[in-house]
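Structure first, commentary second.
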Amino acid sequence: MSFNTRTHTCGELKLSNANEVVTLNGWVAKKRDLGGLLFIDLRDRYGITQIKIAPEQKDIYEVASKVGNEFVISVGGVVIERESKNKNIPTGEIEIDVQKFQILNEASVTPFVIEDEVKASEDLRLQYRYLDLRRHSLQRNLMIRSDVYRIVRNFYADRNFVEVETPILMKSTPEGARDYLVPSRVHKGKFYALPQSPQTYKQILMVSGLDRYIQICKCFRDEDLRADRQPEFTQIDLEMSFVHQQDVFNMTEPMFKEIWKEILGIELQTPFPQMSYDFVLENYGSDKPDLRIFGLSKIVNISEIVKDLEFVVFKNALAEKNGIVGGVKFSFAENNIDVTRKIIDGLTDFVKKLGFGGLGYIKYNSDGSVQSPLQKFLNEEVQAKIKNVFEAKDGEIIFILSGAKKKVLTSLGTIRNKIAADYKLIDKSRYEFLWVTDFPLFHYDEESGEIAAEHHMFTSPKAEEMYKFDEAKNLSGKERGELLQSIKADCYDLVLNGNEIASGSIRIHRQDIQKKVFDVVGLTEQEQQEKFGFLLNAFQYGAPPHGGVAFGFDRIVAILCGLDAIRDVIAFPKTVSAASLMDESPSNVAQQQLDDLGIAITIQTKNSD
RNA sequence: GGAGUCGUAGUUCAGUUUGGUUAGAACGCCUGACUGUCACUCAGGAGGUCGCGGGUUCGAGUCCCGUCGAUUCCGCCA
């Protein structure tokens, strides 16, 4: 079809273009027919320009008055100054006095109105994603995403990094997340896996001597989803040879500086603070604390203060190994919040769901009185010490939990987050980056007795902790598990506003150490060879010390866009049940396809037809 | 796997507590009027398997059971 191509976009014409003859192409965003005088808001990615069709132009008016929303049209005419201007849009001082008008394509009435403040529900928007993506806010998200992509690639290109593509079809390794599997037609009964991350490949690239590797790549994990977790997601994946942890930090902090400066115009302060895993757990009850929270104190361990009391709840908790009594202070009065009995009861129910018998509290009322169910169990000296250690004053309340250390700390952390979220005690204007370092190498599950890698099997233990491997050989059961769990690794996360946005480590590059780790997690020689033989073989031929990090690209872009969920920074996201509502995947396949693969379906699911 | 919220017109919702006449509103859509609108305005109109299945009842949008879907959280996942 022939049509006049645009001379300008719908976002650029200004008063300085007056009297120019232009052509615009775009979608009808809105038609306002005043009866003879007709206005059309023409929309494209760049903006909206008003088209004026005067009553004298009968032929054009006849065609134009028939168009509906989302018709695609081409309009030619003269840029003129408006009689009444619209200060709300950049092109609001001008309009197009139409001379040519052509409908390029008609459009059915859309299932929802395309407007910035969309009213449609999320599933409808996902079903008609192409319409949802016409909205300015979603297009803006994708443009920010594109900008970040470009900044990151340029940043690393400038620093000698090599961009290498790694396979999407790879070997399945059952460790970590569940793999997405792809059946092989040629090798019937065998499967590829989609990468959970290019971890093994990037380490092998270090063995190959590539020295500095970067890739912005898709990763796949077949696990249950969340607002910030999609089955396929994007990582900024990088690896460097001959580096220590600090070298990795130094090579990534300036990247965030550039992104924040270019996208938000914000000058980030570097270096980012670093806190150990143990420190953040003991102070914030989380391995990804949100440092923007105000009105709530850090967690205080009051075990020493209350250890000699006869109060049976505290006594029992402290009698256990690793038992503690701890609390967190909430400054309610200065934040204009009234902590009523109902609120305390709500929090009590909340901690009961977490497995506690109840929630202790000491409330210092604004009138100077003290309210606490614990009061009769705490003598005056202890009460004074608690008040002192929390630096508590009138208008504040201390919430207290007792029990196993990690559970108490993480639960107090959860309470902190909940109160902060419920009462909006989060400074949304800030971006709080934080490196969390010295993660444990292993995770010990007391119930099953299993030892597993906390990060992954190739994470390097700290050199000064290596002796614990030998000590653990003489122990068994819980003692062994706890000693192994105490081994710290050269492993780190980057946290931003309470979100984990990156994770990385220095890797093991020596076979003897790798063997110790495999032994601890119970991988036999044979299993090691079957699962990671290719990597271990590679490491025989001169593996350099190396380490790296992977950033959650979608989460970073979401935070830049001011969003909690990552769905709206992904062009075609999936639902919480990993389905795509637009193209209806996953779907059944033809019997012939299954036959080719040698696959028989043995379970008739609810969705099969 | 578990818990919460939601599902009623094309869309967003009200109606469900306490079962009872013809299931309402706004926006959108259609028809007509309107020469400076930009949430145009005004008049009129069409539009509903109340997610689906079963049960209780004289009677179910409303009560009960099951099921499907969306979403948030826990488990899971780095």
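Letters go in sequence order (proteins before strands), and every chain restarts at 1.
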If I pick the [atom1] atom on [M] and the same atom on [N], what distance separates them, to the nearest angstrom?
N	M	atom1	answer
B/G59	B/U21	P	15 Å
B/C29	B/G10	C1'	8 Å
B/G47	B/C30	P	16 Å
B/A3	B/G75	P	15 Å
B/C6	B/G51	C1'	11 Å
B/G54	B/G15	P	28 Å
B/A60	B/G53	P	14 Å
B/G28	B/U12	C1'	11 Å

Check your understanding: Which letter, B, S or -, goes with each nucleotide of nucleotides 72-78 of chain B from 5' to 3', with contact meaning a protein heavy atom under 4.0 Å?
Key -> SSBBBBB
Taking pairing as Watson-Crick or G-U wobble with both contacts under 3.5 Å, can you name the mate of [N], or confirm there isn't one?
N	answer
B/C6	B/G69
B/C38	none
B/G19	none
B/G45	B/C29
B/G75	none

Practice item. Look at the aromatic rings of A/Phe249 and A/Trp435 and report parallel, tilted or perpendicular, splitting at 30° and 60°. Key: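 Rings of A/Phe249 and A/Trp435: parallel, under 30°.
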Review point. In terms of ring plane angle, is the pair A/Phe458 and A/Phe518 parallel, tilted or perpendicular, where the classes change at 30° and 60°?
Key: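 Rings of A/Phe458 and A/Phe518: perpendicular, over 60°.
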Practice item. Before accepting this row, confirm whether a basic side-chain N of the pair A/Arg292/A/Glu432 lies closer than 4.0 Å to the acidic partner's carboxylate O. Key: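 A salt bridge is absent here (no side-chain N lies under 4.0 Å from a carboxylate O).
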Check your understanding: Taking 4.0 angstrom as the limit, do A/Arg226 and A/Asp228 come out as a salt bridge?
Key ->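 Not counted as a salt bridge, because no side-chain N and carboxylate O are separated by less than 4.0 Å.
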Exercise for review: Evaluate the criterion side-chain contact (heavy atoms from CB on, under 4.5 Å) for residue pair A/Lys100 and A/Ser74; output intermediate values, then yes/no.
Suggested key: CA-CA 8 Å; A/Lys100 288 179 182 161; A/Ser74 175; over 6 Å; no
Practice item. Give a yes/no verdict on a cation-pi contact between A/Lys407 and A/Phe356, requiring under 6.0 Å between NZ or CZ and the six-membered ring centre and an angle within 45° of the axis. Key: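 Here A/Lys407 passes the 6.0 Å and 45° test against A/Phe356.
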Check your understanding: Any cation-pi pair here, A/Lys418 with A/Phe350, using under 6.0 Å and within 45°?
Key ->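 Satisfied, under 6.0 Å and within 45°.
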Measure from [atom1] on [X] to [atom2] on [N] and round the result to the nearest Å.
X	N	atom1	atom2	answer
A/Asp116	B/A39	CG	P	13 Å
A/Leu42	B/C38	CG	P	19 Å
A/Gln127	B/G51	CD	P	17 Å
A/Glu83	B/C38	CD	P	14 Å
A/Glu115	B/U11	CD	C1'	10 Å
A/Leu131	B/G28	CG	P	17 Å

[atom1]/[X]: more than 12 non-hydrogen atoms of other groups inside 6.0 Å:
X	atom1	answer
A/Gln139	CD	yes
A/Glu223	CD	yes
A/Lys424	NZ	no

With a non-hydrogen cut-off below 4.0 angstrom, is [X] in contact with a base, only sugar-phosphate, or nothing?
X	answer
A/Glu56	base
A/Thr575	sugar-phosphate
A/Glu117	nothing
A/Ser197	nothing

Check your understanding: Looking at A/Thr437, A/Leu291, A/Asp287, which hits side chain to side chain contact (heavy atoms under 4.5 Å, CB included) with A/Met275?
Key ->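 Running side chain to side chain contact (heavy atoms under 4.5 Å, CB included) over A/Thr437, A/Leu291, A/Asp287 with A/Met275 returns exactly one hit, A/Leu291.
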Check your understanding: Which parts of residues 27-37 of chain A get close to RNA chain B, meaning a heavy atom less than 4.0 angstrom away?
Key ->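 Close to the strand are A/Lys30, A/Arg32, A/Asp33, A/Leu34, A/Gly35, A/Leu37.
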Check your understanding: For B/C29, does either OP1 or OP2 sit under 4.0 Å from a side-chain N or O belonging to A/Asn69?
Key ->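 Yes, within the criterion.
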Practice item. Choose from B/A70, B/U12, B/G36 the nucleotide whose nearest atom is closest to any side-chain atom of A/Lys119. Key: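 Ranking B/A70, B/U12, B/G36 by closest atom to the A/Lys119 side chain puts B/U12 first.
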Point to revise | Expected output: side-chain A/Asp247 to main-chain A/His244 donor-acceptor under 3.5 Å | key: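 Looks like yes, one N/O pair under 3.5 Å.
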Practice item. For the pair A/Lys31 (side chain) and A/Leu38 (backbone), establish whether a donor and an acceptor sit closer than 3.5 Å, ignoring hydrogens and angles. Key: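 A pair under 3.5 Å: no.
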Can you pull every protein N or O that's under 3.5 Å from an N or O on nucleotides 2-10 of chain B?
residue : atom : partner  : partner atom : Å
B/G10   : O2'  : A/Pro111 : O            : 3.0

